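It should be emphasised that the depicted structure is a prediction, and the values quoted were computed from it without experimental measurement.
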There are 2 protein chains.
Amino acid sequence: MSEGQATALPAPNERPTLKTIAFMTGLGITTVSRALKDASDISAETKERVRLVARQIGYQPNRAGVRLRTGKTNVISLILSLEEEIMGLSSPMVIGISEILATTQYHLVVTPYRAQGNALDPVRYVLETGAADGVIISRTEPKDPRVALMMERNFPFVTHGRTEMGLAHPYHDFDNERFAYEAVRKLVERGRTRLVLLQPPPYLTFYLHMRAGFEKGIRDFGATALPFSQVNLDASLVDIRNAAEALLSGPDAPDGIVSGSGSGAVALVAALEASGRRLGHDIDLVSKESQMLLQWLRPEVVTMREDIRLAGRELAKAVIARIEGKPPAELQTLSYPIPIE
Amino acid sequence: MSEGQATALPAPNERPTLKTIAFMTGLGITTVSRALKDASDISAETKERVRLVARQIGYQPNRAGVRLRTGKTNVISLILSLEEEIMGLSSPMVIGISEILATTQYHLVVTPYRAQGNALDPVRYVLETGAADGVIISRTEPKDPRVALMMERNFPFVTHGRTEMGLAHPYHDFDNERFAYEAVRKLVERGRTRLVLLQPPPYLTFYLHMRAGFEKGIRDFGATALPFSQVNLDASLVDIRNAAEALLSGPDAPDGIVSGSGSGAVALVAALEASGRRLGHDIDLVSKESQMLLQWLRPEVVTMREDIRLAGRELAKAVIARIEGKPPAELQTLSYPIPIE
DNA sequence: CAAACGACCTGTATCGTTACAGTTTTAAGG
DNA sequence: CCTTAAAACTGTAACGATACAGGTCGTTTG
C-alpha cells in the first residue's frame, strides 16, 4: 500500500477532515473528495469504503473550506423588513423556511433592514460579498429595484409577492385579489352595500391586487366603494383606529369593512365599538388573518386565513430549485385564502 | 519601490482582497493584513495609507478566508423551539438580536428544532462543526443539559431564562416571580380570593419562578390558590379552553386567573365567556403579554408587558461580551414586567 | 568600528476543499 | 511485442487570510 497525500497523521481528537479519511483508507485526499462526490472515475468499491469510513467517524465537510474554494456558501439569506415584524408575519415564515432547509445543507441567515428606503442595502451586501447562494425578499413593489438588480446579476432569489416588470422570476404570493373579491361577496351576502377597504400601502404590488379584487367585487355584487385612504396597513394601530373613528362618524360611514390584515382589523374593531356600533349587527368586518387571534376573541369578524408558514416552505423550495438551475417561470406559485369554517 | 508578495495583477472587476490593496499600495499582503488590524509593528503612515485605499475600494474581508484560517465564524446561532414560535415570541426576539448584530460583523443564523427531546441536537451540531462563535438558547430547564455541555466545552452562549445548576453562565430573564406576585396583588385588590395560575410546563425553570411568585402573593395578600394543572402554556388553545371550561363549571371554580402568556389568556377569555361570566364583573384575569392584542380587544384583561425585543438586544449583547471574554457572572440581567395603566 | 537593537516590512506555510493535469496499471488492438 | 486506451487513482496549486519566523536598514552602544 503506497502512502497517499495524507503524509502527516491527523490529530486524534480533532474534527475529521478529508485528510483523516485519506489516512484511514490509505487513499489520497483527492480520491476521497471525489469518492464522496460520487465521481465517475472512482471505483464502486472504493466509494463504498470511503462512504463507510466517513459515516463511521461522522465526517462533515468544512463549510469554510468549501466556501473558499468553490464560492458556494450553503446559505440562504432572508431579508426582512421591520414592518413585517410588526405585523407578526416573519415568525411563522422563518419556521416554514427552516422546515425545508433542515432537510438540506443550507443554513438560514436573517437580515432585517430598517426603513423602506434601505431595502436595497442588504441585497447589495449579499451580491457584493457573496454572503449567500440565494435570497428571499418580500414586500415587493411593481417595479422593484431589488428584483431588477438580482435579475441583472443572474443571482438566485425568490420574492414573497409579485412584480410587474415583465420579467419572469420565482415568487410565491397570496392571492390578495381573490381575498378581497370574496370578502366583498361575504359582505354583500350579509346585506352590506357601503364598503371600505383597509388597504396595503400603495407602492406595494399587493395593493394593486387587493384593490382590483375589491373593485371587481363591488361591480359584480353591486355595492358601493367608499374612500378610506387616510391610513393603510403599515400605519400604527392607534392611527388606524383614529382614522376609522373619524370615518365612522362622518357622512361617508360604511356598513362593511374589508381589512387586509388581522392587526388592522383589531384597530378597526376598537374604532367601530367606540362608535357604538355592534359587529355583525350594525356593521360587518371581513379580515385576512395569519395568527388565529381574531377568531378567538372576535368570532363576529369574518376571517380568511393566510398560511404564512406554508409561504415560508414554498419560498425555500423555490430558491433552492432556482439555485439548482430550474427555470424561473416554473417557480411561481400562488396560495389561496382559506375560509374559516 | 520593491515588488511585494502581490506578484500577479489582481483581476479588475473582482471583489477586492488583501492582494488588491497590496498591489495598489506596493506593500506586502502581510503588511496590509497587519495594518488593517492596527498591529504595533506597522508605521502610522502606512496604516493610514492602507486604510484609505481599503475604504476607497470598499474592501471587506472574505469571511471564508478568515474562518478557515482562524476558526472565527462571525456567526451567532439562535436556537429556537417551535413551541416558542407558536407563542409568537421569536419574531420580536430576532429583531432585537439583529438590531445589535447590525452594528457588528456578526451574522445571525436561525436554527429551530422540533420537539423538546431534540433540544440538544442543534447545540451539539454547533459544537461539533464550529458553526458559530456563540449560541443563544431559550426555554431553559433547572438542570439544563445544553448548558452543562456548553459550559464543559467552555463555549460562549447565553440563555433566555435561568438555570439552577450552581454554574454561573450569562443569561437574560424576565422576572416571572415578580410578574405572578404582582398579578396576585392586582387580583386581590379587585376583591378576588380564589385564584388559579395558568402556568408554564413544569420542567422549565420559569415554572418555578412563576409558581413561587404566585404562592408568595397568595400568602402575602391572603388569597386561596386553587389547582389548575390539567393544562399548561404549551397546550393548544383548544385544550386550554376546554380545561378552563371544566374548571369553571366545577366546585373549585376560581374568581381570579393569572395567565403566564397572552395567547393562553385568549383561550381563557373564550372559556370564561362561554361559562356566562363577564370579565371584570364576575371574574378577573391578569395576563402577561408581549404582543399588544389583548389590550386592544379585551381591555378588561389586566396585562403586564414582557418586552421580547429588549430581551433579544440583551441576549445579543451578552453573547458578544462573552465571546470577547467578559466573565459570565457579569452578564446576567433581568427585566421586569411593565404594567399597562 | 563591530555588535546589538529597534522599527518596519515581508515570504512561507497553513487552514480544508476542489479543479486540473497528470501517473500508474492493466487490457485491448494491430 | 509495441502502441493505445481506459480505468483508477494522485500531486499540485489555488481560494483569502493570518501566524510565525525571518529580513533590511538605520541608529545606538561599548
May I have the distance from A:E14 (atom CD) to C:dT14 (atom C1'), rounded to whole angstrom?
14 Å
Can you list, in residue-number order, the parts of residues 54-72 of chain A that come under 4.0 Å of DNA chain D, counting heavy atoms only?
A:L68, A:R69
For A:L204 against A:Q116, the heavy-atom pair lying closest together:
CD2-NE2, 4.1 Å
Are side-chain N/O atoms of B:Q60 and B:Q105 paired as donor and acceptor at under 3.5 Å?
no
Atom pair NE2 (A:H160) and CG (A:L80), whose distance is rounded to the nearest 0.5 Å
11.0 Å
Nearest-Å distance for atom pair CD1/C1', residues A:I29 and D:dG11:
10 Å
Closest non-hydrogen contact found for A:R51 with A:A35 is NH1-O, 4.3 Å
Rounded to whole Å, please give me the gap between CG in A:N74 and C1' in C:dT17.
13 Å
Scan residues 33-51 of chain A against DNA chain D and write down, sorted by residue number, each residue with any heavy atom closer than 4.0 Å; if none is found, say none.
A:D41, A:I42, A:S43, A:T46
What are the two closest heavy atoms between B:R162 and B:T205, and how far apart are they?
O-OG1, 2.9 Å
List the steps, then state whether salt bridge (charged side-chain N to carboxylate O under 4.0 Å, His left out) holds for B:D144 with B:R146.
CA-CA 5 Å; B:D144 199 302; B:R146 301 167 299 173; 2.7 Å; yes
Between atom NZ in A:K19 and atom P in D:dT10, what is the gap in whole Å?
16 Å
Pairwise distance CD(A:Q332) to NE2(A:H172) - rounded to 0.5 angstrom:
12.5 Å
Ring centres under 6.0 Å, that's the criterion: do A:F157 and A:H169 meet it?
yes
